[in-house]
**Q** 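I'd like to ask some things about the structure below.
Keep in mind the model is a prediction, meaning the values are calculated, not measured. To find a chain, count down the sequence lines: A is the first, B the second, and so on, and within it residues start at 1.
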Amino acid sequence: MNFLQSPLSPVVTLLSILAMGLALLAIYLKDLLAASVAAGFISLVASIIFLYLQAPDVAMTEAAIGAGITTVVFIIAVRKTERYEK
Amino acid sequence: MNVILALLVVLGLGYFFEFVLRPFPFGMEQLPQVAYLYIRDGLKDNNAANLVTSIVVNYRGFDTLGEVTVLFLAASGVAFLLSMCRCLRPIKRHESSEIIKTSTSYLYPSLIVFGAYIFIHGHLTPGGGFQGGAVIASAVMYMFLAFLDFHPSHSALSVTESLAGLAFVGLGLWGLWAGGSFLANILPKGEWNRIISAGVIPLIYIAIGFKVGSELSALLSDMITSAREKKE
Amino acid sequence: MNSLPLWLEITVGVFIGLATLMAVWRIIRGPTLSDRVVGLDAATTITMVLLVMIGFFSNRYIYLDVSLVYGVLAFLGVVAIARYFEGGV
Amino acid sequence: MRLLLSTLVLFLLWMMFVASLDPQEIVTGLFVAFFTSLITGSVIAGKEPLKWLSPKRWFYFFLFALYFIKELTLANLDVAYRVIHPRLPINPGIVRVKTKLKTPIAKLVLANSITMTPGTITVDVHGDTLYIHWIDVKGKDVETATKNIVEGFEKYLEVIFE
Amino acid sequence: MKIVGEIFLIIGSLFLFLSALGLLRMPDVYNRMQAGTKGTTFGAFFSILGVMAMRPEWFLKGLSIIIFILLTNPLSSHALLRATHRLGVPLAKKAIDAYAEDKEKGIVEK
């Protein structure tokens, strides 16, 4: 139990690798909305990791700001500018 | 070539973080002095069920005031920049479906009650002013998404926001006057794990909740309505 | 407290982990943007369940709030993208 | 009257979040519910608040919930069968159906229930016409589709919301 | 009660898995949405019911999560499908597309 809850447990490592892969995806996608979808997924994974490491405050803030408000702000920004990266 | 360089940088950063972070233990054993005191005395001093709240709002309450101010400055900056911007393209906008409209008119009060629940129980559950404010702003955002001509009253939002800020500073000054330091916890501590406990903390969280909620709502409504400007 | 037997924990964990991976695959591959959002939508519900389960395994009642807040705000993101497609933002 | 009912509904919601009978919680909840229904114009109570009081509607609501859970289970067995089957037996299409329901809330519940029944998803609502994506089209005309998709729910919802 | 909870947990996670499999296998967005919405809703319903069966004191909060999922999951799928059809993504091997016909005729706003 103690090992599984440490920051180096296999669960946390796997989830971090997943988050890193999605971050790479968000960089390489040319469609900015798809990139913001990937960024939303990163905040989902981050929220799971925080709750797994018993930090519910941080998990809730991440869920509130990362999943909802940031996506909406990205969408409004894309609406006002260009959808595809040149 | 670029990829190899990037990989090298990433590996170097990984080594650096491993090297730097390894000495810090994950747990209670060897904390720095102040953190140790916070964790040992936090529950006793403030009688809050949530230790993080007790640290963020009471010991580090002045920092939280700074954070709220930063958010206020960001919202004012966005409003100012958007009022200057004349570079928008005309946007043709469509109605949302009937189902979304109906469901939004039922979700909107429920989400406001949920946000209020989050920030009133800030000292008992992991929530707090910022999260509750974000939920309330999301309720306003649903109304924007569902109804084309939704306009929250801007003056009411700014009045709420200023009053909440005043309440925060006023509570701090009251603590300075009665307890000897800014934001001192002067109210009776109450019974553990009920709503009226932890002295001044729930009041501050209610103030922060109102402030963040109205600020985020005003920010989102600025961004969306400035996209609407060039409709005609 | 009553804890689960190990085999059941592993079964549930493997099922939910595989489901998350398949949703991620849909996000990576999806030919159109709608496919990616469908993947995100499914992953949101899976995550809500996962957060409730973490609360269950560590036996903390207050963790359920995190799941509810996550559900509210992720739904907001999906609806916002859908309204962007329709041209309503 | 509407304000009172809206306060009551929001207060029940608050008690559901709080899940304790502490008098402090009750007082705070009443205050929050009243304030919220004041600033949102008590939309949650609906146009005719007296409808909430009829016991017949609540009884039919219970029946509807049972029927809904049964349909939900069937829907998932159906989806599971189609997903596991190696050749994916699907024949999708979008059909029209007509509904007799008038009030917006009834249409909302009907559309949500249709989304949860076997193989159908509501795509759009336009007046009394619903456009349904059907994963296994059995009949292309309006009558067959209406009979297959809508009628099971309509007889409960008509009593509950109309 | 504990046995019931365990069975519910297994059923719920199995259906979550099956719906994600449907997300992977189905040919186009509309059919993927069919699998994605129904399977995840049912899976979440049963998993949380299982947790509630094992921790009866969590009943009300779990009930609010279930009601929220049952209300919003169909809504988001409906909004997304309507927007996708409006964007012009075609159906794979369609039998009939009455919505597109009505859009052509001008009954529904395009």
**Q** When rounded to the nearest 0.5 angstrom, what is the spacing between CG in B/Leu111 and CG in C/Leu73?
**A** 8.5 Å

**Q** So B/Leu107 and C/Val72, side-chain contact (heavy atoms from CB on, under 4.5 Å) or not? Walk me through it.
**A** CA-CA 10 Å; B/Leu107 267 176; C/Val72 168; over 6 Å; no

**Q** Looking only at heavy atoms, what is the nearest atom pair of B/Tyr117 and C/Asp65, with distance?
**A** OH-OD2, 3.4 Å

**Q** As an exercise, state the distance from CD1 of B/Ile100 to CD of C/Glu86, rounded to the nearest 0.5 Å.
**A** 8.0 Å

**Q** Does any part of the side chain of B/Thr104, heavy atoms only, come nearer than 4.5 Å to the side chain of C/Val79, both counted from C-beta?
**A** no

**Q** Hey, what do you get for CD1 (C/Ile62) to NE2 (B/His121), rounding to the nearest 0.5 Å?
**A** 12.0 Å

**Q** If I measure from the heavy atoms of chain B, does C/Tyr61 come under 4.5 Å with its side chain, its backbone, both, or neither?
**A** neither

**Q** Measure across B/Leu148 and C/Arg83 and return the closest heavy-atom pair with its distance rounded to 0.1 Å.
**A** CD2-NH2, 4.0 Å

